[in-house]
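These notes are about the structure you will find just below.
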Amino acid sequence: MPKDNTDGLNATRRETYVRWNRDLVRYGDTDRQGHVNNAVFSAFLDTGRVPLFFDPDRPLAPEGTTFVVAGLTIDFRAEITWPGQVDIGTAIKRIGNSSVTVIQGLFTGDICAAVAETTVVLIDNATRRPLPFPQSTRDGLAAMSYRPTGRSQG
Amino acid sequence: MTVEGLAYTSRDTYARWTRDVIRYADTDRQGHVNNAVFSTFLETGRVDILYNPEMPLAPEGAAWVIARLALDFRAELRWPGAVDIGTAVKKVGNSSVTLVQGLFDGDVCAATAETVIVLMDEATRKSRPFPDYTRNTLMSLACHAAAT
């Protein structure tokens, strides 16, 4: 995934991302190896996605629908340690009919600690089945597309 | 060693089983278990193999780290309940091992996952080749290929 540069996507670079969130590393996020536990990386990724998908000022899910995660791939690149904070970059990689691929990077300073791709699906609250995106959702997602950065640095 | 022909959603694939109880606090506002908790359930299954005190796999001065996680969500998990975590070894490399896992709620496979785990020297933080006993034990936990 990080090598997916054919369309100018460099997931390990900050310039790629259009939305930023910051989370504080908690002491309780660490495990006996002295670093932040891998499952907490998933929670950091959630911290970055939720403001994008459930922004009360710009709701993307129509009434009676919600977004669920269908797939998640994380490439762990560096350890995160306490104390510190993590910058979470998020952008849209691909928009399908009822699902969208999100690209994310976790950064501590200049270090990219992880990159991740998540498949998020719009579902009907009652039937729990996928629903095609309305145009407003599609437009809102497209406005957060990743920024191509040209050639890979690596 | 690589095992082909795997049916990740079948309980028969897995060599080792661990059970975790779903906590009330694992749920989010959508009423289901939050996606990040699936990663924790997978870890519960992995550490049962990787750090089992009765079957130590990591030599002194070495530790296991995760390099990659690919997780497919197939069904929602809900409180109250328990989750059965199946784990098995798919591929044993020189200093890394690929594990396959399934999360089951009764007969329902809620998620499948592949993780790449690396044996790391705790001093240098670099990868370190498996000793023979680590390799042999990992191979004994190979997943069961489905009959074709």
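These values consider heavy atoms only, across backbone and side chains, with no hydrogens, waters or symmetry-generated copies. Numbered from 1 within each chain, the chains take letters A, B, ... in sequence-line order.
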Name the member of A/Ala114, A/Ala43, A/Gly71, A/Ala70 that forms the most heavy-atom pairs with chain B at distances under 4.5 Å. A/Ala70
Treating Ile, Leu, Val, Met, Phe, Trp and Tyr as nodes and any side-chain heavy-atom pair under 4.5 angstrom as an edge, say whether B/Val100 and B/Trp64 lie in one connected cluster. yes
If you look at every heavy atom in A/Phe76 and B/Ile66, which pair is closest and at what distance? CB-O, 3.4 Å
Go through the atoms of B/Arg125 and report whether side chain, backbone, both or neither lie under 4.5 Å from a heavy atom of chain A. side chain
Where does A/Phe54 contact chain B at under 4.5 Å (heavy atoms): side chain, backbone, both or neither? side chain
Find out if a path of hydrophobic residues (ILVMFWY) with successive side-chain heavy-atom gaps under 4.5 Å connects A/Leu122 to A/Leu141. yes
Applying a strict under-4.5 Å side-chain criterion to I, L, V, M, F, W and Y, I'd like to know whether A/Leu45 and A/Val50 cluster together. no
With a sphere of 6.0 Å drawn around CZ of B/Arg23, does it hold more than 12 non-hydrogen atoms of other residues, nucleotides or ligands? no
Among B/Glu76, B/Glu122, B/Glu114, which residue forms the greatest number of heavy-atom pairs with chain A at distances under 4.5 Å? B/Glu76
Only one of A/Val68, A/Leu72, A/Thr119 forms a side chain to side chain contact (heavy atoms under 4.5 Å, CB included) with B/Phe73, so which one is it? A/Leu72
With hydrophobic residues grouped by side-chain heavy-atom distances under 4.5 Å, do A/Val69 and A/Leu131 end up in a single group? no
Of all the residues in residues 39-61 of chain B, which have a heavy atom that comes within less than 4.5 Å of a heavy atom in chain A? B/Ser39, B/Thr40, B/Glu43, B/Arg46, B/Tyr51
Pairwise distance CG(B/Leu71) to CD1(A/Ile74) - rounded to 0.5 angstrom: 8.0 Å
Give the cluster check for B/Phe130 versus B/Val65: same hydrophobic cluster or not, with ILVMFWY residues linked at side-chain heavy-atom distances below 4.5 Å. no
If the contact rule is any heavy atom under 4.5 Å from chain B, which residues of residues 23-42 of chain A qualify, in numerical order? A/Arg32, A/Gln33, A/His35, A/Asn37, A/Asn38, A/Ala39, A/Ser42
